[in-house]
Amino acid sequence: MKRYNFKETERKWQEIWATRGTFEVAPDPARPKYYVLEMFPYPSGRIHMGHVRNYTLGDVTARYWRAKGYNVLHPMGWDAFGLPAENAAMANRVAPAAWTRDNIATMRRQLKTMGFSYDWRREVATCEPDYYRHEQKMFLGFLKEGLVYRKRSTVNWDPVEHTVLANEQVIDGKGWRSGVPVERRELAQWFLRITAFADDLLQELSHLERWPDRVRLMQENWIGRSEGAHVRFVLKGREDRLEVYTTRPDTLFGASFCAIAANHPLALEVAAKSKELADFVAACNALGTSEASIETAEKQGFDTGLRVVHPFIEGRELPVYVANFVLMEYGTGAIFGCPAHDQRDLDFARKYGLPVVPVVAPAGVDPASVEIGTEAYTGDGVLINSGFLDGLAVDQAKREAIGRLQAMGMGEGAVNYRLRDWGVSRQRYWGCPIPVIHCEKCGIVPVPEKDLPVVLPEDVDFTGSGNPLDRHPTWKHVACPTCGAPARRETDTFDTFFESSWYYMRFCSPQSDRAFEADEVRYWMPVDQYIGGIEHAVLHLLYSRFFTRALKQCGYVDFKEPFAGLMTQGMICHETYRNAEGKWLFPTDVRREADGRVIEIATGADAVVGRSEKMSKSKKNVVDPERAVDAYGADTARLFVLSDSPPDRDLDWTEAGIEGAWRYLNRLWRLAADPATPLPPADAPRPESLSPEAEALLRLAHKTIAAVSDDLDRFHFNKAIARVRELTNGVEALQDGDGAAWVRRFAVETIVRLLGPMTPHLAEELWAELGHATLLADTPWPQADAALVAEDTVTLAVQVNGKLRGTLDIAKDSAETVVREAALQVPNVLKAIEGKSVRKVIVVPNRIVNVVV
RNA sequence: GCGGGCGUGGUGGAAUUGGUAGACACGCCAGGUUUAGGUCCUGGUGGCGGCGACGCCAUGGGGGUUCAAGUCCCUCCGCCCGCACCA
């Protein structure tokens with residue numbers, strides 16, 4: 001008996017595909033195109049299971065559409081700039097460039113063993129000047145178009161290391177290495193004007209029909225368009241005003257305080273004279289810059305002593321607090337608080353003993369009985385205690401209040417977005433240099449296009465603190481392009497989202513001297529199917545949508561949406577293990593005994609098994625894909641990540657699961673390459689007569705083709721595999737008889753073809769084994785025979801009062817009266833309705849009958 | 001804190017539009033072949049009751065709409081993702 005040698009077979013077909021250039025593509029106007037893209041990886045060192053899953057999903061899609069006759073673009077590259085390279089440089093004294101390139105080499109080799117159908121000629125790495133030079137030019141274009149500006153903004157500052165910290169490097173308000181409390185510091189930084197497209201980015205979401213609803217909803221909420229008003233309060237004893245943004249101008253009569261951000265100019269002004277306020281501001285700054293840390297901190301305020309005058313109530317003054325939950329980046333950095341109708345304002349008012357005046361009564365409730373306890377009333381209703389607004393509905397009252405403010409010159413209606421402009425400056429070394437020069441005489445001077453690229457130096461020293469680029473002895477010293485005087489380069493680099501915002505277009509013409517060739521981009525774009533993690537639902541995807549619009553404005557492209565279809569995959573989880581001391585153990589450190597106990601191999605002691613969690617280095621619950629591929633082959637790993645869970649849900653990696661996949665592939669191998677009864681040759685004609693069992697299997701094969709095609713169209717890969725397994729069961733169950741051998745061969749061949757996109761090496765091998773001289777990869781997708789898919793009888797469920805009492809086999813599309821009579825004759829139904837009167841019979845054609853008694 | 005999602009047997013999951021809950025697998029149990037074992041084959045397998053035909057219960061908890069609810073609505077609980085300098 002021949003055995004399936006996956007190692008040899010997988011290597012063989014990978015070489016054949018590569019030699020023949022099977023997956024190398026070029027634009028072909030005569031054929032429809034399909035662009036499949038998976039989010040490119042950060043070259044962290046080795047591929048992980050998340051990559052295996054992501055890229056398997058993409059590969060199935062690419063191979064499937066290719067078989068359907070499309071010209072499929074399926075590229076891969078490296079998101080190669082980023083913080084981990086710098087961390088590695090500091091920890092291991094390796095240069096970020098060398099570290100990154102080594103990692104890319106390792107991961108490329110690993111990906112190649114998976115048999116993914118990439119056009120490897122198109123590989124790009126964003127850390128190479130050939131790539132990033134183009135985004136430097138784009139940046140200069142944005143600058144000309146007014147899409148870039150400079151403003152001060154806050155960063156996390158580590159006072160010991162003298163570096164800017166990323167949010168993930170701030171743990172409980174302290175620097176991750178230094179352990180000292182971080183400070184908020186203001187720096188002048190570059191911003192891209194994404195807010196100029198806020199409305200368009202919002203509007204166009206509704207046309208992204210092949211995006212998950214939840215992603216569209218998250219983007220909608222992120223953009224956060226709201227309608228409200230600006231109110232300019234008169235500050236008592238001062239010339240200037242305090243401008244706030246509110247979505248509830250109707251509740252102005254219930255206002256009992258104003259609150260401003262800790263870094264609001266007014267707060268800083270008062271803090272300069274007040275030690276206590278300065279201390280409070282410092283405490284707010286210790287929270288860092290992440291919104292989550294600010295919002296989850298206990299709500300606190302500090303009275304500045306300033307008072308504003310209520311615009312509508314004669315003689316009423318409101319205190320102005322600095323509050324740690326007011327964000328300078330949102331609206332005007334100042335709010336007015338109406339405790340009765342906003343929960344956060346209410347909590348604040350209760351804490352600081354401020355008045356709570358209800359101004360909205362729910363419809364039909366007596367105004368006198370409206371009382372606010374610990375819960376604010378945020379619903380609709382009628383205005384009370386509100387002077388000229390009394391009796392109006394909330395909507396009317398908003399309009400009235402805005403009208404009055406406007407007439408008084410104290411404010412006006414306003415639309416506000418939660419979305420903020422995109423800060424792209426990073427005080428980091430391993431990123432794309434921002435192509436500007438600072439000259440004492442000329443100010444900020446863009447690097448002339450002829451001087452691009454501004455190449456990142458690789459001879460840098462990581463032993464000091466701060467940004468190595470800034471400390472480089474020569475790099476930043478240049479002559480001003482305008483006046484020739486000594487000047488210095490910008491030493492900030494781009495946010496790495498910059499690179500990932502346009503790589504999908506670079507893939508269309510990766511060797512071009514320009515960013516990309518317009519005609520090639522026009523042919524391939526948009527991406528028809530984009531696949532990646534849900535964690536990118538907002539930032540990466542929104543930045544890419546913005547970037548495409550910005551490039552359109554600069555004349556690069558003539559479309560604005562980069563991704564027509566989106567699929568977001570779930571995470572890979574695994575059980576966790578700890579030893580008696582509570583230390584995490586790798587899955588390879590433990591062994592499951594026959595009695596089910598899990599022991600630590602090194603000590604023989606019992607290990608504690610924890611629930612399945614997202615694979616992470618910190619909990620050591622990781623399985624190295626290379627190890628799995630080595631033990632079972634790429635096809636087994638691919639089949640397993642596809643078969644157990646729907647792609648958008650989390651997947652549990654289990655040893656039992658991968659073994660199940662492995663056993664199935666071996667079973668299929670025996671069925672096709674080593675059958676008990678020899679299969680007829682590839683060109684054998686269909687026999688005249690088929691036994692009923694053989695015909696049933698033939699029908700099943702055609703139904704499976706139809707169902708699997710439908711499943712693949714909808715990303716139901718786990719269901720597709722379940723159906724293929726059903727067909728496999730059918731083949732094994734078919735006894736010899738009229739036409740059985742022929743049908744068996746047809747069914748086996750169908751299985752091989754349907755599995756082609758999922759387990760391409762085995763499928764290719766079996767295709768050859770079945771006597772075909774062509775590549776399966778070049779073979780069109782099978783077509784189901786509609787006549788064999790259709791059924792002429794259906795099985796109806798028959799219920800009595802909603803409970804299943806029997807089933808009924810009947811001709812498809814039978815008349816309702818016929819179905820009703822037949823249903824009432826089902827023995828078990830007769831028994832159930834005995835002695836009762838039938839009140840109603842509900843017949844749902846071809847589905848169900850419900851007898852109501 | 002805010003925004004988004006998920007929750008179905010011992011386990012992963014299936015169930016076009018509200019219409020036979022548990023497809024397909026893993027695991028487990030019983031038997032068989034081969035064997036040193038794994039492999040492989042056959043049968044069984046949501047829970048409770050019954051010799052049985054069958055009946056009752058069951059989709060995180062509670063409530064509701066409906067002839068009919070895993071699916072729709074309300075509410076509570078648990079877990080996960082994102083929150084703008086991780087990628």
Side-chain angles (χ1 to χ4, degrees), chain A residues 39 41-42 44 79 81-84 87 155-156 164-170 194 212-215 217-222 224 289-299 325 329 343-344 418-428 495-497 500 533-540 542-543 568 570-571 573 611-614 643-646 648-652 654-657 659-661 663-664 666-667 670 710 714 716 718-719 721-726 728-729 732 795-807 828 831 839-842 844 847-852:
Chain A
M39 290 180 184
Y42 178 77
S44 53
D79 188 12
F81 276 137
L83 214 41
N87 293 335
V155 294
N156 298 308
V164 176
L165 298 178
N167 281 336
E168 73 158 7
Q169 299 173 319
V170 179
I194 188 172
D213 287 342
R214 57 174 166 155
V215 174
L217 196 54
M218 279 190 257
Q219 292 214 349
E220 186 181 324
N221 288 329
W222 186 264
T289 60
S290 107
E291 190 178 319
S293 66
I294 293 167
E295 293 269 338
T296 48
E298 193 197 338
K299 309 286 173 284
F325 57 86
E329 289 80 13
Q343 192 58 45
R344 205 161 55 174
R418 205 186 76 95
L419 180 68
R420 310 197 296 256
D421 278 331
W422 174 15
V424 294
S425 301
R426 294 292 180 270
Q427 296 70 43
R428 312 239 176 266
D495 177 7
T496 56
F497 276 124
S500 56
I534 184 70
E535 66 274 19
H536 293 293
V538 176
L539 291 180
H540 161 60
L542 195 60
Y543 288 149
T568 52
M571 294 170 310
C573 302
R611 68 182 180 83
S612 189
E613 293 185 61
K614 175 185 175 175
S643 57
D644 255 23
S645 290
D648 56 347
R649 265 210 246 170
D650 289 352
L651 171 81
D652 263 312
T654 62
E655 201 57 25
E659 277 175 10
R663 281 199 299 269
Y664 174 74
N666 280 288
R667 197 174 134 205
R670 286 191 299 275
D710 190 52
R714 301 192 217 192
H716 293 173
N718 56 326
K719 284 168 64 183
I721 289 167
R723 291 184 204 279
V724 171
R725 280 190 184 254
E726 278 179 290
T728 309
N729 291 344
E732 288 182 339
T795 303
L796 295 185
V798 185
Q799 302 179 327
V800 176
N801 283 353
K803 287 198 183 222
L804 185 69
R805 286 294 179 256
T807 59
N828 216 23
K831 207 172 96 188
R839 269 207 262 153
K840 195 157 57 155
V841 180
I842 291 154
V844 181
R847 280 204 177 269
I848 204 167
V849 179
N850 191 6
V851 181
V852 185

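Within every chain, numbering begins at 1; the chains are lettered A, B, ... in the order of the sequence lines, protein sequences first and strands thereafter.
For the C1' atoms, the distance from B:U33 to B:G52 is 34 Å, rounded to whole Å. Taking atom P in both B:A58 and B:G47, the straight-line distance is 16 Å, to the nearest Å. Look at the P atom in both B:G10 and B:G60: the space between them is 13 Å, to the nearest Å. On the C1' atoms, B:C79 is 28 Å away from B:C28, given to the nearest whole Å. For the P atoms, the distance from B:C2 to B:U8 is 26 Å, rounded to whole Å. With P as the reference atom, B:U42 and B:C26 are 12 Å apart, rounded to whole Å. For the C1' atoms, the distance linking B:G61 with B:U66 amounts to 22 Å, nearest Å. Nucleotides B:A36 and B:G50 have their C1' atoms positioned 46 Å apart, rounded to a whole Å.
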Pairs under 3.5 Å (N/O, protein and nucleotides 63-67 of chain B):
from: B:C67; atom 1: O2'; to: A:Asn850; atom 2: ND2; distance (Å): 3.2
from: B:C67; atom 1: O2; to: A:Asn850; atom 2: ND2; distance (Å): 2.6

Identify the pairs formed between an N or O of the protein and an N or O of nucleotides 53-60 of chain B at a distance under 3.5 Å, and give each distance.
from: B:C56; atom 1: OP1; to: A:Arg805; atom 2: NH2; distance (Å): 3.2
from: B:C57; atom 1: OP2; to: A:Lys803; atom 2: NZ; distance (Å): 2.7

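Using a 4.0 Å heavy-atom criterion, one finds that A:Arg663 contacts the sugar-phosphate atoms exclusively. Base contact: A:His536 has a heavy atom under 4.0 Å from a base atom.
A donor-acceptor contact shorter than 3.5 Å is absent between the side chain of A:Asn718 and the backbone of A:Asp644. Side-chain atoms of A:Arg428 come within 3.5 Å of backbone N or O of A:Val164 as a donor-acceptor pair. Between the side chain of A:Asp421 and the main chain of A:Ile194, a donor-acceptor pair closer than 3.5 Å is present.
A residue-by-residue look at A:Arg725 and A:Val215 shows that A:Val215 has its nearest nucleotide of RNA chain B further toward the 5' end.
In textbook terms, a nucleotide whose glycosidic angle is within 90° of 0 is syn, while B:G7, being further out, is anti.
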For this session: Assign a letter to each nucleotide of nucleotides 42-51 of chain B from its 5' end: B, base within under 4.0 Å of a protein heavy atom; S, sugar-phosphate only; -, no contact.
Result: ----------

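Of the candidates B:G4, B:A84, B:A23, B:A23 carries the atom nearest the A:Glu726 side chain, counting heavy atoms from C-beta on.
Atom pair A:Met39:CE and B:C81:P shows a separation of 16 Å (rounding to whole Å applied). Look at OH on A:Tyr543: it is 15 Å from P on B:G82, rounded to the nearest Å.
No hydrogens or angles considered: nothing links the side chains of A:Asp650 and A:Ser645 as a donor-acceptor pair under 3.5 Å. No side-chain donor from either of A:Ser643 and A:Tyr664 sits under 3.5 Å from a side-chain acceptor of the other.
Salt bridge status for A:Glu295 with A:Arg344: present, with a side-chain N to carboxylate O gap under 4.0 Å.
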